[in-house]
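Indexing begins at 1, ligand by ligand and atom by atom, following the structure's order. None of these values were measured; they are calculated from a predicted model.
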Amino acid sequence: MEGERRTEIPAVIGQFDFPGELKACVPFGSGHINDTLCLTYESDGESRRYILQKMNKEIFRKPAELMENIVRVTAWLRGKIEKNGGDVWRETMNVIPAKDGKPYCVDTFGEYWRAYYFITGATSYDRVKSDSDFYESAVAFGHFQQLLTDYPAETLYETIPKFHDTVDRYAKFQKAVSEDVCGRAASVAGEMRFVTEREPLAHVLCDQQASGALPTRVTHNDTKLNNILIDDVSGRAICVIDLDTVMPGLSVNDFGDSIRFGASTAAEDERDLNKVSMDLHLYEVYVKGFLEGCAGALTKWELEMLPMGAILMTFECGMRFLTDYLEGDHYFKIHREGQNLDRARTQLKLVADMEQKLPQMRAIVGKYARGDVEKGT
Ligand code: ADP
Ligand code: GN1
Ligand code: MG
C-alpha cells in the first residue's frame with residue numbers, strides 16, 4: 001500500500017467496532033487486486049484477528065453494490081450451512097459492519113474499506129502441495145456452486161461488467177496492441193500472434209451462453225486455489241473466499257479457472273516455460289472433486305464443455321495479462337518488471353498444452369460424469 005495512504009489506516013479502523021486493543025496490523029495474502037491487512041486485537045487476555053481490506057475502486061467501480069452482493073450471498077450461504085448443521089463462522093465469510101451499519105466505510109480519499117471475521121486455523125495456498133488439497137478445493141468450489149444453484153442470479157449486480165466476456169477481452173487486447181502506449185508491442189510479437197490466431201476461440205462459450213445452450217448461474221468467477229481456505233488440521237477445504245466477483249456467470253468458467261491455476265506444473269509467473277504444462281493427473285483429481293461437489297447440479301452440456309472452460313479461462317487470462325503488460329501494468333499488481341508478461345507467457349503455454357491434451361481431458365470428464373448423465377441431467 002502506498003506510504004501516504006497508510007496514514008489513513010487508524011482513521012479507517014476507528015470506523016469499525018473491533019473489541020479490545022490493537023496489537024498488530026500487517027499486510028496479508030498474495031491477491032493481485034485488493035490491499036489486504038490482518039489486524040490482531042487483544043481483549044480479556046484473548047487474541048482475535050480480523051481482515052481489513054481496501055477494495056480496488058479502479059477495478060470495482062461500484063463498491064457499495066459489490067458489498068450488497070456479498071452481504072446477500074453470504075446470508076444465503078449462512079442459511080444453507082445452518083440447515084446442513086455446519087459452522088457458519090468458518091464455512092462462509094462474515095462481513096463486519098462499520099459503526100454506521102454499512103458493510104463498508106469510506107476514507108477521506110474516497111477509498112472503500114471492509115472488514116471480515118478472520119477464519120482461524122486455515123490457510124490459502126498459492127501452489128498445490130498435495131492431490132488432496134486440490135481435490136478438497138474442487139469439492140468446495142463445486143459445493144459452492146451447488147449451494148447457490150437456486151439463488152436468483154438476475155438479482156445480483158454485475159460487479160465487473162463483461163468480466164468473462166472473452167470476445168470483449170479480445171477486443172480490449174486488440175485496442176491495447178494498436179495503441180501500444182508503452183512501446184512494448186514489438187517485443188511481444190510472438191505472443192500477440194498466438195492470441196490473434198485463436199480469435200475464433202474467444203467466441204465459443206460466449207455464443208453458447210447467448211443461445212442458452214449453457215445456463216447462466218450464480219458463479220464465483222475467480223476460482224483460484226488461493227481463494228479457498230484449507231483447514232490446518234483436517235485438511236478439508238472449509239471456506240470459499242474472495243467473493244468480489246460472485247455474480248451471474250458460467251459453471252464451466254469456474255471449473256476452468258481452477259484448472260488454469262491449480263493444475264499447472266508451475267507458478268503463474270514462472271519464467272522458465274519448460275516447467276509449465278497442464279498436469280493431467282491434477283486435472284483428473286479436480287474433475288472428480290468438482291463433480292462430487294456439484295452433486296448433479298450441472299447439465300449434460302455443461303459437463304461436455306468443462307474442458308473447453310479450462311482452455312477458455314486460460315486463454316482469456318493470458319490475454320488479460322498481455323493486455324495489462326501492453327498498457328503499462330495498471331490492473332494486476334506486479335512485484336517485478338515484466339511479471340505480467342511472464343504471467344501471460346505461462347498462460348499461453350498452458351493453452352497450447354491443453355489443446356494437445358483435449359481428447360484426454362474430455363475422456364476424463366466422461367469417466368466421472370457418467371453418474372450425472374445417468375441421472376438424466
Ligand atoms: P484479492 O482479491 O486481492 O485476491 P482476497 O479477498 O483473496 O484478496 O484476500 C487475500 C488473502 O487474504 C487471501 O488469499 C487469504 O489468504 C486472506 N484472507 C482473506 N479473507 C480472509 C478471512 N476471512 N480469513 C482468513 N484469511 C483471509
Ligand atoms: C485476480 O484477486 P485475485 O488475485 O484472486 C483476478 C482474476 C485473475 C487472477 C489471475 C477481480 O484474482 O480474474 O484470474 O487475478 N481478479 C480480478 O491470477 O480481476
Ligand atoms: Mg484472492
Side-chain angles (χ1 to χ4, degrees), residues 1 26-40 48-61 63 66-67 70 74 88-96 113-127 137 141 158-166 169 172 219-232 237-247 249 253-254 256-262 264 267-270 310 312-324 330-335 339-340 342-344 346-347 350:
M1 221 175 290
V26 290
F28 200 74
S30 56
H32 294 341
I33 305 294
N34 296 304
D35 288 328
T36 305
L37 297 166
C38 176
L39 310 180
T40 308
R48 284 209 187 82
R49 282 180 285 171
Y50 303 94
I51 288 284
L52 182 68
Q53 274 182 329
K54 185 173 85 175
M55 296 156 68
N56 190 323
K57 215 172 49 148
E58 294 305 307
I59 293 176
F60 299 108
R61 297 300 175 110
L66 183 155
M67 288 312 293
I70 293 185
T74 52
V88 293
W89 296 105
R90 299 197 84 222
E91 293 174 31
T92 177
M93 301 286 273
N94 285 280
V95 175
I96 302 174
W113 298 74
R114 66 176 166 214
Y116 288 113
Y117 286 99
F118 190 93
I119 296 170
T120 51
T123 307
S124 83
Y125 293 97
D126 287 324
R127 290 286 299 277
S137 77
F141 277 128
E158 226 187 329
T159 58
I160 302 181
K162 297 182 186 290
F163 189 54
H164 285 320
D165 180 337
T166 317
R169 295 288 186 186
K172 286 181 174 139
T219 48
H220 183 278
N221 294 304
D222 190 2
T223 51
K224 272 160 75 161
L225 181 68
N226 63 15
N227 287 330
I228 285 273
L229 295 178
I230 298 193
D231 189 284
D232 294 334
I238 48 160
C239 187
V240 173
I241 63 168
D242 201 346
L243 306 178
D244 294 332
T245 51
V246 175
M247 57 181 161
N253 286 342
D254 269 9
D257 203 30
S258 291
I259 298 300
R260 170 192 84 70
F261 189 84
S264 173
E268 189 177 61
D269 61 351
E270 173 59 56
L312 259 290
M313 276 298 93
T314 313
F315 178 56
E316 183 187 284
C317 200
M319 257 190 320
R320 292 173 64 195
F321 286 140
L322 194 54
T323 303
D324 202 32
H330 63 87
Y331 188 98
F332 296 103
K333 283 183 194 165
I334 53 165
H335 309 287
Q339 195 174 10
N340 274 323
D342 294 333
R343 288 171 177 154
T346 61
Q347 301 309 293
L350 286 170

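Residues Thr219 and Gly249 approach most closely at OG1-CA, 3.1 Å, considering heavy atoms.
Partners of Lys333 by side chain to side chain donor-acceptor pair (under 3.5 Å), not counting sequence neighbours, listed by chain and number: Asp35. Residues meeting the side chain to side chain donor-acceptor pair (under 3.5 Å) test with His220, sequence neighbours left out: none.
Near Asn226, with a cut-off below 4.0 Å to any heavy atom, the atoms of ligand 1 are 14 (O). With ligand atoms numbered from 1 in the order given, ligand 1 contributes 20 (N), 23 (N) to contacts under 4.0 Å with heavy atoms of Met93. Short contacts between ligand 1 and Asn227, defined as distances under 4.0 Å to a heavy atom of the residue, involve ligand atoms 7 (O).
Protein residues having at least one heavy atom under 4.0 Å from any atom of ligand 2 are Gly31, His32, Ile33, Phe60, Ile160, Phe163, Asp222, Lys224, Asn227, Asp242, Thr245, Arg260, Glu268, Cys317, Arg320, Phe321, Tyr331, Phe332, listed by chain and number.
For the side-chain hydrogen bond (donor to acceptor under 3.5 Å, both in side chains) with Glu268, the lone residue among Arg260, Gln347, Gln339 that qualifies is Arg260.
Contact check on Asp231 versus Arg90 returns a salt bridge, with a Lys/Arg side-chain nitrogen under 4.0 Å from an Asp/Glu carboxylate oxygen.
Between the CZ atom of Arg114 and the CD1 atom of Ile51 there is a distance of 10.0 Å, given to the nearest 0.5 Å.
Between the Ser264 side chain and the Phe261 main chain, no donor and acceptor come within less than 3.5 Å of each other.
The N/O atoms of Arg114, backbone and side chain alike, include none that comes under 3.5 Å of an N/O atom in ligand 1.
Less than 2.8 Å away from the Mg ion (ligand 3), the protein contributes these N/O/S atoms: Asn227 OD1, Asp242 OD2.
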